[in-house]
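The structure under discussion appears below in the form of structure tokens.
Every number for a ligand or one of its atoms is a count from 1 in the order of the listing. All values reported here derive from a predicted model rather than from experimental measurement. We number each residue from 1, following the sequence as shown.
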Amino acid sequence: MLIRGGRLIDPPAGIDALLDVRVSNVVVEIGEHLAPQAGEETLNASGAIVAPGFIDMHVHLRDPGQSHKETIETGTEAAVRGGFTAVACMANTSPALDNAAAVNALRREASARARCRVYPIAALTRERAGKEPCEYRALSKAGAVAFSDDGDHVADVRVLARAAELASAVRAPIVSHCDRDTELESDLGVAQTSGKAWHVAHVATKRSAELLRAARARGVRVTGEVTAHHLCCVADSAEARALGSAARVNPALGAEEDARALRDAVRDGTIEIFASDHAPHTFAEKSEGAPGFSGLEVAVGAYAAAIDDLPLARFVSCLSSAPAARLSVEGGTLVVGSRADVTIFCDEPWRVDAKRFTSLGKTTPFDGTTLPRRVAATIVGGEIRYRA
Ligand code: DOR
């Protein structure tokens, strides 16, 4: 297939130019005005950006055990509609992904049923109970790309320190879930002492952004991610009030000064990764206060709305190259020979109608709003999985 006329942005390769891209299951050729070959499919990308496939490193696919909230099919279809060619799925399933057999089973299910690539994140402690470390070597061998008790914070510092020590045998990072700044401060202490590769999920407050910035400045091996809702939405707002109990999310929405500080933390590179924390629940569960929003299908537009002055190369990096590097997975670039995972998007406003989401979770603070950027096509391994 020949992707023609688009503006190719490949941050690691330093490319930002009008270039055509020829793909099979890998990128075959990049050049100006490539001529279509006989029988070759062409995709017109003029007016659009052609980028390395977007990777959402924080997604709750709810499989196994919570298929009323989401399934591998619905979650990964929502992903490709949102421009994602890969997702990393969180371990707070029923049962938790805390052993190699569970990770293997999930990968088997995903290879049979998923619409995009799926990278499992395994639990950090057994049953996510915060008491006993898991077997990180076995989990890593089974394909876990990170370890996290996301949804809960590991409160016992000794357990976390022991987990970090054991997990130092493998490359996959530990991902902290902190609802409070004090929890983050404590986790960053363990990250520093252990030297383990670390990542902070959903940084949500001004203070957390400052803690992350300071830790990185003193050389702690830590990265951070931010959701679009924490960048855009505040607790004391008409949107949040309209959602009522459905506005609940962990970490909670903050104040305007938090959202502003998070946007600044993205601008100055303290936060390098955009991750949706796609956390689908049914309407009934949301009305009873289940925390979380459906994020995959609005992400591209919502992040563009959140920081409209972010250079496009940074926008692309936050959604592709940076998460690929963080998880040590393929992707994040479209140089010749790399996987043909491609996201094509354009700056065209569209109105969010959450009831039309493919995700079974239909709650988002962006419902009814107009977002400035949309996905035009999602290509996984050279195959078009979504086209607007
Ligand atoms: O709001 C949230 N929902 N935050 C989390 O960390 C977990 C997630 C969930 O699993 O529903």
Side-chain angles (χ1 to χ4, degrees), residues 56-72 74-75 78-79 87-98 106 118 120-125 127-130 146-155 174-181 183-184 187 199-205 208 224-235 239-240 243-254 258 262 273-296 298-299 302 354 357 359-367:
D56 190 339
M57 69 172 285
H58 191 150
V59 168
H60 297 273
L61 286 183
R62 307 300 193 201
D63 197 298
Q66 299 166 333
S67 57
H68 64 290
K69 293 180 194 279
E70 196 74 292
T71 66
I72 289 179
T74 57
V87 298
C89 61
M90 277 295 177
N92 62 338
T93 50
S94 311
L97 297 179
D98 66 356
L106 180 79
V118 174
I121 294 179
L124 185 58
T125 68
E127 296 178 16
R128 299 178 55 259
F147 308 110
S148 182
D149 279 357
D150 183 76
D152 290 299
H153 177 245
V154 177
I174 287 177
V175 179
S176 276
H177 169 113
C178 303
D179 285 331
R180 292 185 188 80
D181 301 329
E183 294 172 345
L184 179 59
D187 283 19
H199 179 73
V200 183
H202 39 50
V203 180
T205 64
S208 288
E225 72 185 32
V226 68
T227 70
H229 50 267
H230 289 117
L231 288 172
C232 279
C233 311
V234 298
E239 294 86 346
L243 281 172
S245 58
R248 193 164 162 233
V249 64
N250 291 334
L253 297 177
D258 294 305
L262 294 171
I273 293 173
F274 289 159
S276 73
D277 190 8
H278 176 79
H281 299 282
T282 64
F283 282 124
E285 290 166 333
K286 283 300 293 172
S287 68
E288 286 156 15
F293 302 131
S294 198
L296 287 165
V298 294
F357 279 179
S359 168
L360 302 182
K362 317 274 184 203
T363 303
T364 166
F366 297 101
D367 195 17

query = Parallel under 30°, tilted from 30 to 60°, perpendicular over 60°: which one fits the rings of His58 and His202?
reply = tilted

Here the salt bridge (charged side-chain N to carboxylate O under 4.0 Å, His left out) pairs for residues 275-285, sequence neighbours left out, are Lys69-Glu285

For Ser245, the side-chain hydrogen bond (donor to acceptor under 3.5 Å, both in side chains) test, sequence neighbours excluded, returns none

With no hydrogens and no angle check, do the side chains of His153 and Asp179 hold a donor and an acceptor under 3.5 Å apart?
no

Per the under 4.0 Å non-hydrogen criterion, ligand 1 touches His60, Arg62, Asn92, Asp150, Gly151, His177, His202, Val249, Asn250, Asp277, Ala279, His281, Pro291, Gly292

- Among side-chain atoms of Ser359 and Ser294, is any donor-acceptor pair under 3.5 angstrom? yes

With sequence neighbours left out, the residues meeting ring pair (Phe, Tyr, Trp, His ring centres under 6.0 Å) with His281 are none

